[in-house]
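In what follows, chains are A, B, ... by sequence order, proteins preceding strands, each numbered from 1.
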Protein chains: 2
Amino acid sequence: MEDLPADIADNEMAQALRHAGYRLTQPRLAVLRVLEQSAEELSPLGIYERGRAIYDRLGLVTVYRTLEILDALGVARRVHIHGRCRGYARAEGDQHYLVCRRCGTITGFPCEGLGPLIVSVQERTGFTVDAHLLELTGLCPECQMAR
Amino acid sequence: MEDLPADIADNEMAQALRHAGYRLTQPRLAVLRVLEQSAEELSPLGIYERGRAIYDRLGLVTVYRTLEILDALGVARRVHIHGRCRGYARAEGDQHYLVCRRCGTITGFPCEGLGPLIVSVQERTGFTVDAHLLELTGLCPECQMAR
DNA sequence: GTGCTTGCAAACCCTTTGCAGTGAA
DNA sequence: TTCACTGCAAAGGGTTTGCAAGCAC
């Protein structure tokens with residue numbers, strides 16, 4: 001692991017991996033780095049292609065396996081556009097995604113104001129709510145200009 | 001179309017199809033009926049299997065094509081569990097889904113209280129928000145009992 | 001040194017496409 | 001009668017699995 005900059009092995013996502021008992025391998029760090037450097041959602045194939053520029057022996061299968069781990073750890077998350085799964089992006093804590101449907105840019109926003117809604121739904125339905133998926137889709141400032 | 005009960009051809013989903021200029025065929029009505037009768041989300045294959053009990057010449061391909069139309073019309077919607085697309089369910093107007101992660105039961109709840117959040121996000125980011133995906137996941141009353 | 005991790009290849013499976021026959025309007 | 005629609009078969013493409021070699025710890 002000495003041939004990759006230390007800051008990559010020390011970022012938040014890597015810590016989560018290490019903390020969960022996973023080994024910090026070069027392929028995994030390459031995936032982390034790609035997710036970290038990207039402002040858009042990326043498909044596994046896209047991550048694979050960019051990842052090869054960082055670690056050229058990276059395999060597509062490893063990308064899938066790494067994404068599965070990152071998703072389970074809550075470090076990366078699936079992103080949807082029009083209800084269709086379009087790829088992955090890093091999960092920023094308790095944030096949700098705002099996705100530009102034209103260029104794919106992703107912006108996180110804090111999960112606020114959802115609490116009362118959830119409480120009300122729980123009271124009305126008897127369900128216990130333990131997870132929620134909220135994604136907003138629209139146009140980013142640049143794409144609004146574009147047309 | 002005389003060999004199917006009139007109430008199926010006259011339901012809300014069928015009206016939407018007809019109104020959009022689509023023909024009300026037996027395969028499409030079978031798909032509608034399956035969606036209407038199910039309280040859970042169903043995969044295309046699941047819809048196909050149930051649909052064959054209603055119209056035995058139904059093809060899987062037609063199920064896919066019909067779901068695509070229904071999705072575009074906002075009559076059916078993709079449902080996710082843990083960020084993963086698990087199938088389709090009828091869309092109830094402006095409602096969102098509450099999914100039981102154990103038995104898959106789906107309950108709709110009205111989209112309320114999201115307005116202020118969206119306005120605030122728009123102001124903060126400069127995005128124009130034109131769609132949102134909100135799904136709550138948890139346990140339904142029966143599954144809470146179960147363990 | 002140990003055993004988790006990787007990458008290749010191949011299997012898998014879900015989804016889409018081409019096309020000729022069918023049936024709703 | 002017309003042309004949208006359907007179903008079959010096949011192609012297509014993304015995802016998963018088996019297994020021997022590799023490497024983090």
Ring-face cation contact, F109(B) with R124(A), 6.0 Å cut, 45° max: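 No; the conditions do not both hold, so R124(A) does not lie above the ring face of F109(B).
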Contact under 4.0 Å: T25(A) side-chain N or O vs dC4(C) OP1/OP2: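 Checking dC4(C) against T25(A), no side-chain N or O comes under 4.0 Å of OP1 or OP2.
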Can you check the [X] [atom1] to [N] [atom2] distance for me, whole Å?
X      : N       : atom1 : atom2 : answer
L67(B) : dT6(D)  : CG    : P     : 12 Å
L29(A) : dT6(C)  : CG    : C1'   : 14 Å
I54(A) : dT6(C)  : CD1   : P     : 15 Å
D56(A) : dG7(C)  : CG    : C1'   : 13 Å
L42(B) : dC14(C) : CG    : C1'   : 16 Å
Y22(A) : dC4(C)  : OH    : C1'   : 11 Å
Q26(B) : dA25(C) : CD    : C1'   : 14 Å

Shared hydrophobic cluster for L17(A) and L29(A) (ILVMFWY, side-chain gaps under 4.5 Å):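 The answer is yes; both residues are in one hydrophobic cluster.
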Cluster check Y97(A), V121(B): I/L/V/M/F/W/Y, side chain < 4.5 angstrom: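 No, separate clusters.
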R28(A) side, atom CZ; L58(A) side, atom CG - distance, nearest 0.5 Å: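 Answer rounded to 0.5 Å: 12.0 Å.
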Spacing of E142(A) atom CD and C100(A) atom SG [to the nearest 0.5 Å]: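 Rounded to the nearest 0.5 Å, the CD-SG separation comes to 8.5 Å.
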Distance-only donor-acceptor test (3.5 Å): side chain R23(B), base dC5(D):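 Absent.
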Angle of first-five versus last-five pair axes in the helix from dG1(C)-dC25(D) to dA25(C)-dT1(D), to 10 degrees: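 Here the helix ends are tilted 50° relative to one another.
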Nucleotides 7-18 of chain D: protein proximity per nucleotide (B base, S sugar-phosphate only, - neither; heavy atom, under 4.0 Å): BBB----SSBB-
Flag for Y88(A)-R78(A): side-chain donor and acceptor within less than 3.5 Å: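 There is such a pair between these side chains.
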Any side-chain heavy-atom pair of Y22(A) and T66(A) under 4.5 Å: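 When only atoms from C-beta onward are counted, T66(A) and Y22(A) do not touch, as no gap falls below 4.5 Å.
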Check: E41(B) side chain, I106(B) main-chain N or O, donor-acceptor pair, under 3.5 Å: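 Pair absent, no side-chain N/O of E41(B) close to backbone of I106(B).
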Side chain E135(B), main chain L133(A), donor-acceptor under 3.5 Å: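 Between the backbone of L133(A) and the side chain of E135(B) there is no qualifying donor-acceptor contact (under 3.5 Å).
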